[in-house]
Amino acid sequence: MLQTSNYGLVLALQFLLLAYDLFVNAFSELLRLAPVIQLVLFIIQDVAVLFSVVIVFLTFFNTFVFQAGLVGLLFREFRGAIILTTVYFALSVSLHVWVMNLRWKNSKTFVWTNGLQALFVLQRLAAVLYCYFYKRTAMRLGDPRFYHDSPWLRREFLKGSR
């Protein structure tokens, strides 16, 4: 089970990864003249998003709900965050690949196509939603009802068995 001292550490790590993601989204365009540094930041950002997903799933596996076999309940409770994280990751990787392809050989010129601008706006909008839902998920996974048997869990189990 996730103990209070461990939860604080996991939550701090999740917020650190979220802060890094926000940092890269906010300041990566300032480094367009240094494509190698920008590429490294993008790779670390994408790995951080994947690592964030791994942390959430490890936290899922640690819950009583998961250990009781009610995986569907967890996915139903956190479906929005899981789907949004997948969409955000896909948009981020797409944006990073496109930006690097356009700017790698000639970083001195300002290249900003209509498609790139649309993808940039979509990725940034998804980033806002990702930050909100990821933070909400991280905080909700600290709810004690996920870590022991409770009347709420029994009601949910009965709903699922019908």
Side-chain angles (χ1 to χ4, degrees), residues 1-100 103-104 119-153 156-157 160:
M1 294 291 171
L2 192 63
Q3 298 166 355
T4 306
S5 61
N6 292 344
Y7 176 70
L9 183 64
V10 169
L11 194 61
L13 179 61
Q14 287 175 315
F15 285 167
L16 179 69
L17 292 170
L18 202 56
Y20 179 78
D21 188 68
L22 287 170
F23 172 79
V24 172
N25 280 339
F27 299 112
S28 65
E29 286 301 309
L30 298 175
L31 296 170
R32 75 170 194 269
L33 298 177
V36 173
I37 295 172
Q38 194 175 35
L39 176 64
V40 170
L41 288 176
F42 285 162
I43 290 171
I44 294 171
Q45 181 184 20
D46 294 337
V47 169
V49 171
L50 288 176
F51 194 54
S52 298
V53 170
V54 168
I55 291 172
V56 166
F57 279 104
L58 287 175
T59 308
F60 281 172
F61 302 154
N62 203 25
T63 63
F64 179 80
V65 176
F66 184 87
Q67 293 169 2
L70 300 172
V71 179
L73 174 62
L74 276 177
F75 286 122
R76 192 171 62 241
E77 287 283 320
F78 298 102
R79 178 183 2 181
I82 293 168
I83 291 170
L84 187 62
T85 300
T86 305
V87 169
Y88 174 66
F89 179 72
L91 286 171
S92 292
V93 170
S94 300
L95 178 70
H96 297 159
V97 168
W98 198 345
V99 164
M100 289 288 96
R103 297 182 182 164
W104 187 258
L119 183 59
F120 181 85
V121 169
L122 282 175
Q123 190 266 350
R124 292 309 196 257
L125 288 173
V128 171
L129 295 172
Y130 164 74
C131 288
Y132 171 75
F133 279 101
Y134 185 79
K135 182 179 173 188
R136 191 180 99 179
T137 298
M139 298 297 286
R140 284 184 64 202
L141 281 171
D143 190 346
R145 71 182 180 162
F146 291 114
Y147 296 96
H148 59 80
D149 195 9
S150 65
W152 167 80
L153 185 58
E156 292 298 322
F157 180 72

Please check this pair: side chain of [X] against backbone of [Y], looking for a donor-acceptor N/O pair closer than 3.5 Å.
| X | Y | value |
| --- | --- | --- |
| Q38 | M100 | no |
| T63 | T59 | no |
| Y147 | L141 | yes |

Original post:
About how many Å separate CZ of R76 and CD1 of I82, when rounded to the nearest 0.5 Å?
Top reply: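 The CD1 atom of I82 sits 12.5 Å away from the CZ atom of R76.
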
**OP:** Start with the C-alpha distance between W98 and F120, add both sets of side-chain angles, then the distance that settles side-chain contact (heavy atoms from CB on, under 4.5 Å), and finish with yes or no.
**Re:** CA-CA 10 Å; W98 198 345; F120 181 85; over 6 Å; no

Where do [X] and [Y] come nearest, in terms of heavy atoms and distance?
| X | Y | value |
| --- | --- | --- |
| F89 | D46 | CE1-O, 3.6 Å |
| V24 | Q45 | CG1-OE1, 3.2 Å |
| N62 | Q67 | O-NE2, 3.7 Å |
| S92 | Q123 | OG-NE2, 2.9 Å |
| L17 | F51 | CD1-CD2, 3.5 Å |
| I55 | Q14 | CG2-NE2, 3.4 Å |

Original post:
Considering the options F61, F57, F78, F146, which one meets the ring pair (Phe, Tyr, Trp, His ring centres under 6.0 Å) requirement together with F66?
Top reply: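 That would be F61.
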
Subject >> R145 vs V65, side-chain contact (heavy atoms from CB on, under 4.5 Å): CA-CA, chis, key distance, verdict >> reply: CA-CA 9 Å; R145 71 182 180 162; V65 176; over 6 Å; no

Taking the side chain as C-beta and beyond, is there a heavy-atom pair between [X] and [Y] under 4.5 Å?
| X | Y | answer |
| --- | --- | --- |
| S52 | T85 | no |
| D21 | Y130 | yes |
| L95 | R124 | yes |
| H96 | I43 | no |

